[in-house]
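First comes the structure, then the notes that go with it.
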Amino acid sequence: HSYDNRYAGHKVIRLIPKSEEEALALKSVSHQLKVDLWQPSSISYVSEGTITDVRVTQNASRTLLAFLQKTNIQYKVLIEDLQKAVENENSVHTQRNRR
Amino acid sequence: SLSEYNYEVYHSLEDIQSWMHYLNQTQPSLVQVFSIGRSFEGRPLLIIQLGRKSQVYKRAVWIDCGIHAREWIGPAFCQWFVKEAILTYKTDPAMRKMLNHLYFYIMPVLNVDGYHFSWTHDRFWRKTRSRNSKFRCRGVDANRNWKVKWCDEGASADPCDDTYCGPFPESEPEVKAVANFLRKHRKRIRAYLSFHAYAQMLLYPYSYKHATIPNFSCVEFAAHKAVKALRSVHGIRYRHGPASQTLYVSSGNSMDWAYKNGIPYSFAFELRDTGYFGFLLPEMLIKPTCTETMLAVKNITMHLLKNCP
């Protein structure tokens, strides 16, 4: 596995806060869960309507998804299995070369 | 040969630098590769001067890729651009005109340490790999480290943040080396193009404030034509406009710095996609992404040569 399988269970989730209250809640939970922000580049940019993509570990994803469902914040799982996506990025030829 | 190198896969830093040295040896009439310094970890910072060699004064266009380590489609495009330019020099009148009248200074990987780290350890690393004994976290955001409203809105003073601006402007040797080169050649360099991912946007200054640049009409028209040309290839839509409005306000970035330092036409591309793959754009999408972007870059360059003061 690429990168020693370190991305197994990781997900990339898209969040779109519908209000400033939701944005504040997202900022707080993102900080707590130490998400990797894919876009925007800084959590300070997140406000109402901001398309926010975060990468979370397996454990963090359970907590985050539960939080989003509880607070009814709109979300979509962009990448369900990040390890698979990392491996699919490269062709078989490139993977062989990397190994 | 030039055509045997695979431009439709992502390459390690070592491969990219070997390819550059190979070009230097085999394409002497159009290519000269040189180093502008060393990275924090001691790697050479290599630039390709691309264009017909001439004793006559020539204006130039600067292109850099790989400021952010995990945005691999950037370096892939820089390599594609060089390949296309060389291969079509004799057959494409527009390319021939560009390479005869201009030099392109292309830096396929600006953040060499970060790119290598993302290749070998952490695919989603963004920053440089500099270390400061005072802090437990490594790296500086190489696109927040330029001296233009440094460490203001959109940048962080926390070394552990991904948008860390650094201990002072141009603290990163990579940023310092490029800044020095651009300062030295700023009278010749007419355009600055920087390649990032992902958002599908073509941006121009300002990023650090909400204001209109003095040469707005020429820049906006160039951007408008470029995204129209880009869309004509595969139907992919790019938004365009001032970075502060189209994306968000961020201070200390290279595009604003280049503009402030006298390079009149400064752009940043955010390449494919818009989030389906994000940073993990599959290799099979390298060709369509680079083909459409190539047309946009040619369009901008030709427009600036012909229509802008």
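Bear in mind the structure is a predicted one, so any value in this text is a computation, not a measurement. Note on naming: letters A, B, ... go to the chains in the order of the sequence lines (proteins, then strands), and numbering restarts at 1 for each one.
- A donor-acceptor contact closer than 3.5 angstrom is absent between the side chains of Tyr204(B) and Asp256(B).
- Counted by atom type alone, His1(A) and Glu87(A) present one or more donor-acceptor pairs between their side chains at under 3.5 Å.
- Contact of Tyr276(B) with chain A is made through the backbone alone, with heavy-atom distances under 4.5 Å.
- Within the 4.5 angstrom heavy-atom criterion, no atom of Asp161(B) approaches chain A.
- For Lys83(B) and Tyr7(B), the positive end sits near the middle of the six-membered ring, less than 6.0 Å away and at most 45° from its axis.
- Proximity to chain B (any heavy atom under 4.5 Å) is shown, for Leu78(A), by both the backbone and the side chain.
- Only the backbone of Phe277(B) comes within contact range of chain A, judged by heavy atoms closer than 4.5 Å.
- The cationic atom of Lys147(B) (NZ for Lys, CZ for Arg) does not lie both less than 6.0 Å from the six-membered ring centre of Trp150(B) and within 45° of the ring axis.
- When each of Arg126(B), Arg70(B), Arg123(B) is paired with Asp36(A), the salt bridge (Lys or Arg N to Asp or Glu O under 4.0 Å) condition holds for Arg70(B) and for no other.
- For Ile51(A), no part sits under 4.5 Å from any heavy atom of chain B, backbone or side chain.
- Ranking Asp15(B), Leu281(B), Asp122(B) against chain A, the residue ahead of the rest is Asp122(B), based on heavy-atom pairs under 4.5 Å.
- Thr128(B) and Asn111(B) share no donor-acceptor pair across their side chains, judged by distance under 3.5 Å alone.
- Neither the backbone nor the side chain of Leu247(B) comes within contact range of chain A, judged by heavy atoms closer than 4.5 Å.
- Cation-pi geometry between Lys209(B) and Tyr206(B) is met: under 6.0 angstrom from the ring centre, within 45 degrees of the axis.
- No other option in Gly154(B), Gly278(B), Ala199(B), Ser12(B) has as many heavy-atom pairs under 4.5 Å with chain A as Gly154(B).
- Contact of Ser250(B) with chain A is made through backbone and side chain together, with heavy-atom distances under 4.5 Å.
- Considering only heavy-atom pairs separated by less than 4.5 Å from chain A, the leading option among Ala155(B), Ser156(B), Gly275(B) is Gly275(B).
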